[in-house]
Amino acid sequence: MIEIILKLLELSFWSGIAAVGFGLLFNVPKSSVFTIFILGFGAGFIKFLLIHFNVHVVLGSFLAALFVGFICIPLAHKIHHPPVVFSIPPVIPMIPGYFAYETILSIMNFIFMEDDITKRITLIDAIFTNGFNMIFILIALTLGVSLPMILLTKNTVKKLDN
């Protein structure tokens, strides 16, 4: 049990570091770096915790992005920076690079290398499985970050302070 918790914390830590790296790449204000780390850590924690409990990666990514979206709006209002500063860097590490890589690799193997019909059918399955996972994760991340920004307008956020 301790090993699982430590592994989860390690993955979350590296998610926070990746979020900070993307934040610095996009030249965010230095005062927001720690907040970006915490949001990246929290998003990674939520995603990997849900994946550990056999929740699909799409739903885990959506809930992690939703967490970032709902937390970054009041934070941005309190710290006086645009919400994009806090919402985009923590979500970038959740972009499904693995699924994109596997999709392209399967496509290349299907087109150029494989002549056996049973292996070609397996590759078609891999193309669609990985491709749809990639697309749905990207949609989940987009909706998870943007829905709170749409729902919590500036006036609504100011009412939260009272």
Side-chain angles (χ1 to χ4, degrees), residues 3-28 32-33 35-73 75-76 82-152:
E3 296 88 22
I4 295 169
I5 293 170
L6 289 176
K7 185 66 174 174
L8 185 62
L9 290 175
E10 177 188 0
L11 290 170
S12 302
F13 173 78
W14 289 114
S15 295
I17 293 295
V20 168
F22 283 112
L24 294 176
L25 182 68
F26 295 138
N27 203 20
V28 298
S32 63
V33 170
T35 307
I36 290 171
F37 173 80
I38 295 299
L39 284 171
F41 183 92
F45 186 81
I46 290 169
K47 178 184 173 187
F48 293 120
L49 179 70
L50 291 173
I51 289 172
H52 174 72
F53 287 116
N54 296 321
V55 173
H56 197 274
V57 65
V58 175
L59 181 59
S61 298
F62 174 72
L63 293 175
L66 200 64
F67 163 78
V68 170
F70 274 117
I71 298 297
C72 79
I73 303 292
L75 269 175
V84 175
V85 169
F86 301 109
S87 64
I88 300 303
V91 173
I92 291 176
M94 291 190 284
I95 290 178
Y98 170 78
F99 292 112
Y101 172 77
E102 288 294 325
T103 302
I104 296 301
L105 188 65
S106 298
I107 290 171
M108 303 230 0
N109 284 334
F110 179 80
I111 292 174
F112 298 116
M113 302 182 114
E114 203 51 61
D115 292 330
D116 183 20
I117 190 70
T118 57
K119 290 183 181 178
R120 287 176 70 90
I121 291 172
T122 305
L123 287 171
I124 289 173
D125 179 57
I127 290 168
F128 282 102
T129 302
N130 291 317
F132 280 120
N133 273 333
M134 174 190 61
I135 289 168
F136 286 130
I137 291 171
L138 290 173
I139 291 170
L141 293 176
T142 303
L143 289 176
V145 169
S146 62
L147 279 178
M149 290 186 190
I150 293 169
L151 296 174
L152 296 176

Note to self: Can you give me the closest heavy-atom contact between I36 and V20, atom names plus distance?
What the structure shows: CG2-N, 4.0 Å
Checklist line | Heavy-atom check, side chain of P148 versus side chain of L151, under 4.5 Å | finding: no
Item checked: Worked check of side chain to side chain contact (heavy atoms under 4.5 Å, CB included) between L75 and L39 -> CA-CA 10 Å; L75 269 175; L39 284 171; 4.2 Å; yes
Next item on the list: Can you measure from CG (L138) to CG (L143) and round to the nearest 0.5 angstrom?
Entry: 11.0 Å
Notebook entry, point to check: Can you tell me how far CD1 of I71 sits from CG of L66, rounded to the nearest 0.5 angstrom?
Noted result: 10.0 Å
Next item on the list: Find out whether N130 and M134 are in side-chain contact, i.e. whether some heavy atom of one side chain is under 4.5 Å from a heavy atom of the other.
Entry: no
Notebook entry, point to check: Taking the six-membered ring for Trp, are F37 and F41 parallel (under 30°), tilted (30 to 60°) or perpendicular (over 60°)?
Noted result: tilted
Check: Heavy atoms, side chains only, cut-off 4.5 Å: are I95 and L141 in contact?
Finding: yes
Margin query: Using every non-hydrogen atom in the two residues, find where A19 and P93 come nearest and quote the distance to one decimal.
Written below: N-CG, 3.7 Å
Notebook entry, point to check: Between atom CD1 of I135 and atom CZ of F99, what is the distance when rounded to the nearest 0.5 Å?
Noted result: 12.5 Å
Notebook entry, point to check: Which heavy-atom pair separates F86 from C72 by the least distance, and what is that distance?
Noted result: CB-CB, 3.7 Å
Next item on the list: Ignoring hydrogens and angles, tell me if any N or O in the side chain of S32 forms a donor-acceptor pair with the backbone of V28 under 3.5 Å.
Entry: no
Notebook entry, point to check: Which distance, rounded to the nearest 0.5 Å, do you find between the CZ of F62 and the CD1 of I46?
Noted result: 12.0 Å
Next item on the list: Of all the heavy-atom pairs spanning S106 and A126, show the shortest one and how long it is.
Entry: OG-CB, 3.4 Å
Notebook entry, point to check: Taking the side chain from S15 and the backbone from G44, do they hold a donor-acceptor pair closer than 3.5 Å?
Noted result: no
Note to self: Can you confirm whether W14 sits close enough to L11 that some side-chain heavy atom of one is under 4.5 Å from a side-chain heavy atom of the other?
What the structure shows: no
Next item on the list: Work out which heavy atom in S87 is nearest to a heavy atom in V91; give both atom names and the distance.
Entry: O-CG2, 3.2 Å
Notebook entry, point to check: Can you tell me how far the CG atom of L9 sits from the CD1 atom of I4, to the nearest 0.5 Å?
Noted result: 12.0 Å
Item checked: Distance-minimising heavy-atom pair for P90 and A43 -> O-CB, 4.4 Å
Notebook entry, point to check: Where do N133 and E102 land on the side chain to side chain contact (heavy atoms under 4.5 Å, CB included) test, with the steps shown first?
Noted result: CA-CA 11 Å; N133 273 333; E102 288 294 325; over 6 Å; no
Next item on the list: Can you measure from CG (L8) to CZ (F48) and round to the nearest 0.5 angstrom?
Entry: 8.5 Å
Checklist line | Full working for side chain to side chain contact (heavy atoms under 4.5 Å, CB included) between L63 and F67 | finding: CA-CA 6 Å; L63 293 175; F67 163 78; over 6 Å; no
Check: Step by step, would you call M94 with I137 a side chain to side chain contact (heavy atoms under 4.5 Å, CB included)?
Finding: CA-CA 8 Å; M94 291 190 284; I137 291 171; 5.9 Å; no
Checklist line | Side chains of F22 and I88 in contact at under 4.5 Å (non-hydrogen atoms) | finding: no
